[in-house]
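Reckoned from all heavy atoms, side chains included, excluding hydrogens, waters and symmetry mates. The structure presented is a predicted model; accordingly, all values stated were derived computationally and were not measured.
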Amino acid sequence: MSEKNALIVWGGWDGHEPEQVAQIFKTILEEENFSVEVSSSLESYADPEKLKSFDLIVPHWTMGEIDKKYVLNISDAVISGVGIAGCHGGMCDSFRNNVDWQFMTGGNWVAHPGNDGVEYMVNIKHSTSPLLEGLSDFKVVSEQYYLHVDPAVEVLATTRFPVVDGPHATNKAVDMPVVWTKRWGQGNVFYNSLGHKANIVSMPEVTHIMRKGFLWAADGKQRAEELVLSSNGISRKYTGMGDSQ
């Protein structure tokens with residue numbers, strides 16, 4: 001099997017330890033025979049053709065702002081079959097003003113009741129995906145992410161709210177997605193809400209989830225090539241993203 005190529009772009013809010021997490025991701029990918037480019041600049045998204053040369057894009061950039069053209073470049077790459085995979089605020093609390101990013105990634109953080117240090121369960125779901133087969137439910141002490149989620153995602157793990165009190169607690173209990181997959185054009189999209197800091201990403205269960213997610217997301221490139229599909233102009237023909245352009 002030929003070596004695959006991945007791009008990790010880290011930055012944004014330092015509280016999520018993006019540089020340390022990027023290094024953990026780099027190690028995981030190199031263990032899986034990926035050639036990995038690591039960047040701390042959003043300008044890494046400026047070249048649309050280079051982005052399409054990767055098998056996998058791993059964003060880890062919390063909050064901040066991004067040039068709309070860069071999001072369009074990433075979207076085009078994923079539509080063409082490049083995978084995108086990430087965790088926590090590094091992927092679904094990025095670029096809060098860009099709804100195109102939220103549409104592509106499948107969700108957006110809105111709260112973490114109780115802040116850091118909440119003890120909660122992550123429940124592995126039985127779904128059509130074999131991605132997390134063999135992984136049992138596990139406990140974590142971290143931020144418990146409450147997200148607004150695309151109903152099109154396939155949910156692979158959940159957590160139950162409420163755990164701590166708050167205005168949300170007067171509603172019925174809900175199972176919030178923790179891990180999900182979706183498609184964006186021909187590309188595979190993977191997200192895991194765990195990963196507040198490097199010590200959480202280093203948990204064996206979380207590392208396992210990210211490893212599986214990276215491999216699954218990157219496999220979309222080969223499938224797209226086998227289907228002999230061209231992405232030229234696909235996203236630009238789609239006008240539904242125009243309001244934020």
Engineer: Looking at CG of Leu132 and NZ of Lys212, how far apart are the two atoms once the value is rounded to the nearest 0.5 Å?
Structural biologist: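 Going from CG on Leu132 over to NZ on Lys212, the span is 9.0 Å.
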Engineer: Would you say that Asp137 contacts Val122 through its side chain, given a criterion of any heavy-atom pair below 4.5 Å between the two side chains?
Structural biologist: no
Engineer: Side-chain heavy atoms nearer than 4.5 Å, only ILVMFWY residues, links allowed to pass through others: does that put Ile84 and Phe95 together?
Structural biologist: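 Linked, Ile84 and Phe95 end up in one cluster.
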Engineer: To the nearest 0.5 Å, tell me how far Leu215 CG sits from Asp55 CG.
Structural biologist: 11.0 Å
Engineer: Examine Trp61 and Val78 and state if one hydrophobic cluster contains both, with Ile, Leu, Val, Met, Phe, Trp and Tyr joined whenever side-chain heavy atoms are less than 4.5 Å apart.
Structural biologist: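 In one cluster: yes.
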Engineer: Minimum heavy-atom separation for Pro113 and Gln144, please, with both atom names.
Structural biologist: CD-O, 3.9 Å
Engineer: Is it true that Glu32 and Lys4 make a salt bridge, defined as a side-chain N closer than 4.0 Å to a carboxylate O?
Structural biologist: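 Lys4 and Glu32: not salt-bridged.
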Engineer: Hey, is the main chain of Ala198 close enough, under 3.5 Å, to the side chain of Gln20 for a donor-acceptor pair?
Structural biologist: no
Engineer: Phe214 pairs by side-chain contact (heavy atoms from CB on, under 4.5 Å) with which of Asp219, Ile209, Leu56?
Structural biologist: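 The single option meeting the side-chain contact (heavy atoms from CB on, under 4.5 Å) with Phe214 is Leu56.
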Engineer: Per the side-chain contact (heavy atoms from CB on, under 4.5 Å) rule, which among Leu156, Val153, Leu147, Val149 passes with Tyr191?
Structural biologist: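 Among Leu156, Val153, Leu147, Val149, the one meeting side-chain contact (heavy atoms from CB on, under 4.5 Å) with Tyr191 is Leu147.
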Engineer: With side chains defined as the heavy atoms from C-beta onward, is the minimum distance between Val140 and Ile200 less than 4.5 Å?
Structural biologist: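 Yes; the side chains approach each other to less than 4.5 Å.
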Engineer: Looking at CG of Leu194 and OG of Ser142, how far apart are the two atoms once the value is rounded to the nearest 0.5 Å?
Structural biologist: 7.0 Å
Engineer: Evaluate the criterion salt bridge (charged side-chain N to carboxylate O under 4.0 Å, His left out) for residue pair Arg211 and Glu31; output intermediate values, then yes/no.
Structural biologist: CA-CA 10 Å; Arg211 186 185 304 273; Glu31 289 173 351; 2.8 Å; yes
Engineer: Treating Thr170 as the side-chain partner and Pro167 as the backbone partner, does any N or O pair qualify as donor plus acceptor under 3.5 Å?
Structural biologist: yes
Engineer: What I want to find out is whether Asp150 reaches Lys182 closely enough, with some N-O distance under 4.0 Å, to be called a salt bridge.
Structural biologist: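 Looking at Asp150 and Lys182, the cut-off is met.
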Engineer: Is there a side-chain contact between Arg183 and Glu154, using heavy atoms and a 4.5 Å cut-off?
Structural biologist: no
Engineer: Hey, are the side chains of Leu51 and Ile74 touching, using non-hydrogen atoms and a 4.5 Å cut-off?
Structural biologist: yes
Engineer: What's the shortest heavy-atom distance between Pro162 and Ala173, and which atoms?
Structural biologist: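 Taking every non-hydrogen atom into account, CD-CA, 4.1 Å.
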Engineer: Supply the atom-to-atom distance Tyr146 OH to Thr159 OG1, rounded to the nearest 0.5 angstrom.
Structural biologist: 11.5 Å
Engineer: Can you tell me which residue pairs pass the ring pair (Phe, Tyr, Trp, His ring centres under 6.0 Å) test with a partner in residues 35-56, sequence neighbours excluded?
Structural biologist: none
Engineer: Which atom names give the shortest non-hydrogen contact between Gly114 and Val164, and what distance separates them?
Structural biologist: N-CG2, 3.6 Å
Engineer: Closest heavy-atom contact between Ser39 and Ser44?
Structural biologist: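 Nearest pair, atom of Ser39 first, then Ser44: OG-OG, 2.5 Å.
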Engineer: Say whether, by atom type as modelled, one donor and one acceptor occur between the side chain of Glu19 and the main chain of Ser40 under 3.5 angstrom.
Structural biologist: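 Checked: no pair found.
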Engineer: Would you say that His60 contacts Val9 through its side chain, given a criterion of any heavy-atom pair below 4.5 Å between the two side chains?
Structural biologist: no
Engineer: With a 4.0 Å cut-off, would you call Lys50 and Glu37 a salt bridge?
Structural biologist: yes
Engineer: Less than 6.0 angstrom separating the ring centers of Tyr145 and His88, yes or no?
Structural biologist: yes
Engineer: Would you say the side chain of Thr158 lies within less than 4.5 Å of the side chain of Ile124, judging by non-hydrogen atoms?
Structural biologist: no
Engineer: Under the 3.5 angstrom rule, does the side chain of Asn188 hit a backbone N or O of Trp216 as a donor-acceptor pair?
Structural biologist: yes
Engineer: Over all heavy atoms of both residues, which pair between Ser80 and Lys52 is shortest? Give the atoms and the distance, please.
Structural biologist: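 Nearest heavy atoms, Ser80 then Lys52: OG-CG, 3.9 Å.
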Engineer: Measuring from Arg96:CZ to Ile66:CD1, what's the distance to the nearest 0.5 Å?
Structural biologist: 15.0 Å
Engineer: Return yes if some donor-acceptor pair links the side-chain N/O of Ser75 with the main-chain N/O of Val71 below 3.5 Å, else return no.
Structural biologist: no
Engineer: Is Asn73 reaching over with its side chain to a backbone N or O of Ala46, donor-acceptor style, under 3.5 angstrom?
Structural biologist: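 Checking the backbone N and O of Ala46 against the side chain of Asn73, a donor-acceptor pair under 3.5 Å is found.
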Engineer: Side chain to side chain contact (heavy atoms under 4.5 Å, CB included) between Met121 and Arg160: does it pass, once the steps are laid out?
Structural biologist: CA-CA 7 Å; Met121 289 296 299; Arg160 176 64 60 90; over 6 Å; no
Engineer: Hydrophobic clustering (ILVMFWY, side-chain heavy atoms < 4.5 Å, transitive) - are Val179 and Trp184 grouped together?
Structural biologist: no
Engineer: Treat each ILVMFWY residue as a node, draw an edge where side-chain heavy atoms are under 4.5 Å apart, and state whether Val58 and Val206 are in one component.
Structural biologist: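 Both belong to a single hydrophobic cluster.
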Engineer: With heavy-atom distances below 4.5 Å as the criterion, would you say the side chains of Cys92 and Trp109 are in contact?
Structural biologist: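 Cys92 does not reach Trp109 side chain to side chain.
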Engineer: Might you point out which heavy atoms bring Leu131 and Thr181 nearest each other, and give the distance in Å?
Structural biologist: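 The answer is CD2-CG2, 4.0 Å.
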Engineer: Under 4.5 Å between any side-chain heavy atoms of Phe161 and Val163, yes or no?
Structural biologist: no
Engineer: Nearest 0.5 Å, what's the CG-CD distance between Leu135 and Glu133?
Structural biologist: 11.0 Å
Engineer: Got a sec: does the CG of Asn171 have more than 12 other heavy atoms crowding it under 6.0 Å?
Structural biologist: yes
Engineer: Could you walk me through whether Glu119 and Lys139 pass salt bridge (charged side-chain N to carboxylate O under 4.0 Å, His left out), step by step?
Structural biologist: CA-CA 7 Å; Glu119 182 177 279; Lys139 188 177 297 183; 3.7 Å; yes
Engineer: Treat each ILVMFWY residue as a node, draw an edge where side-chain heavy atoms are under 4.5 Å apart, and state whether Phe103 and Met63 are in one component.
Structural biologist: no
Engineer: One pair to check against side chain to side chain contact (heavy atoms under 4.5 Å, CB included): Val155 and Asp175. What are the steps and the verdict?
Structural biologist: CA-CA 10 Å; Val155 178; Asp175 290 323; over 6 Å; no
Engineer: Verify, without hydrogens or angle tests, whether Trp101 (side chain) and Met91 (backbone) share a donor-acceptor contact under 3.5 angstrom.
Structural biologist: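 Here the side-chain-to-backbone pair exists.
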